[in-house]
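We count residues from 1, following the sequence as given. As the structure is a prediction and not an experimental result, all values here were calculated from the model.
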Amino acid sequence: SGVEAVARLELVYAQAKEDAARAGEELEAKGAELAEVREACEGLRQDLAELDPQFKKAVEAEEAAGKRSEAAAAALAELYARQAHGSRFASKAERDKHLRKEADALRKAIKERRAEADRLRKEVDSLSAGADKADADAEAARAKLADARAEADARKSAAAGLRKERDEAC
C-alpha cells in the first residue's frame, strides 16, 4: 500500500542520510589522516634533503683520502726503490737509517689515512642507510595515502549511489 511504500522510502532515506553522514565523517577523518601523512612525507623529504649534502661530502672525503693513501703508497714504493741506490749518504747504515725513518713515517701516514677512509666509509654507509630508511618511510606514506584516497573515493561513490537511490525512490 501507499503508506507502507512511503514508510519504506522514509526508512531508506533516513538510512541513506545516516550513511552519507557517516561517510562524510569518515571522509573528514581520512582527510585529517591524509594531512598527517603529507606532513610526515614533508618531514621525511626535509630529513633526506639535510642528509644528502652530508652524504656527498662524506663520499668526496672518502675519495680524497683514497687518493692521499695511494700517493703515500707510491712514495713508499719510490723510497724502497731508492734504497738500493746509496749515493746521498756516507755509509749504508746512514742511508738505511734515513730510509727506515722515512718509511716508518710514510707507513704511519698510510695507516692514518686508511683509518680515515674506513671511518668515512662507515659514515657513508650510515648516511646511505638513513637515506634508504627515509625513502622507505616516504614510500610507505605514499602507499597509505593512496589507500586512504581509494577508500574515500569508494565511500564517496557509495554515498552518491545512496543519494541517487533516495532521489529515484522519492
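- Listed by chain and residue number, nothing satisfies the side chain to side chain donor-acceptor pair (under 3.5 Å) test with D132 (two or more places apart in sequence, or in another chain).
- Residues satisfying the salt bridge (charged side-chain N to carboxylate O under 4.0 Å, His left out) criterion with R22, sequence neighbours excluded, are E18, D19.
- A search for salt bridge (charged side-chain N to carboxylate O under 4.0 Å, His left out) contacts involving R68 returns E116, not counting sequence neighbours.
- In terms of the side-chain contact (heavy atoms from CB on, under 4.5 Å) criterion, residue partners of L106 (sequence neighbours excluded) are, by chain and number, A75, L76, L79.
- For the side chain to side chain donor-acceptor pair (under 3.5 Å) test, no residue two or more places apart in sequence or in another chain qualifies with K108.
- With S157 contributing its side chain and D153 its backbone, the two residues share a donor-acceptor pair below 3.5 Å.
- Within the hydrophobic cluster formed by Ile, Leu, Val, Met, Phe, Trp and Tyr side chains joined at under 4.5 Å, directly or through other members, L44 stands alone, with no partner residue.
- Within the structure, side chain to side chain donor-acceptor pair (under 3.5 Å) pairs that include any residue of residues 46-60 comprise D52-K56 (at least two apart or interchain).
- With sequence neighbours excluded, no residue satisfies salt bridge (charged side-chain N to carboxylate O under 4.0 Å, His left out) with K67.
- Evaluation of the salt bridge (charged side-chain N to carboxylate O under 4.0 Å, His left out) test over residues 142-152, restricted to residues two or more places apart or in two chains, returns K30-E151, E33-K144, E139-R142, E151-R155.
- Environment of CD in Q15: crowded, with over 12 heavy atoms of neighbouring residues, nucleotides or ligands closer than 6.0 Å.
- Taking V59 as the reference, F55, E63, V124 meet the side-chain contact (heavy atoms from CB on, under 4.5 Å) condition, with sequence neighbours excluded.
- Take R121 and apply the salt bridge (charged side-chain N to carboxylate O under 4.0 Å, His left out) test, not counting sequence neighbours, and it matches E62, D118.
- For S126, the side-chain contact (heavy atoms from CB on, under 4.5 Å) test picks out no residue, with sequence neighbours left out.
- Under a hydrophobic clustering in which Ile, Leu, Val, Met, Phe, Trp and Tyr are joined whenever their side-chain heavy atoms come within less than 4.5 Å, directly or via other members, I110 and L120 fall into different clusters.
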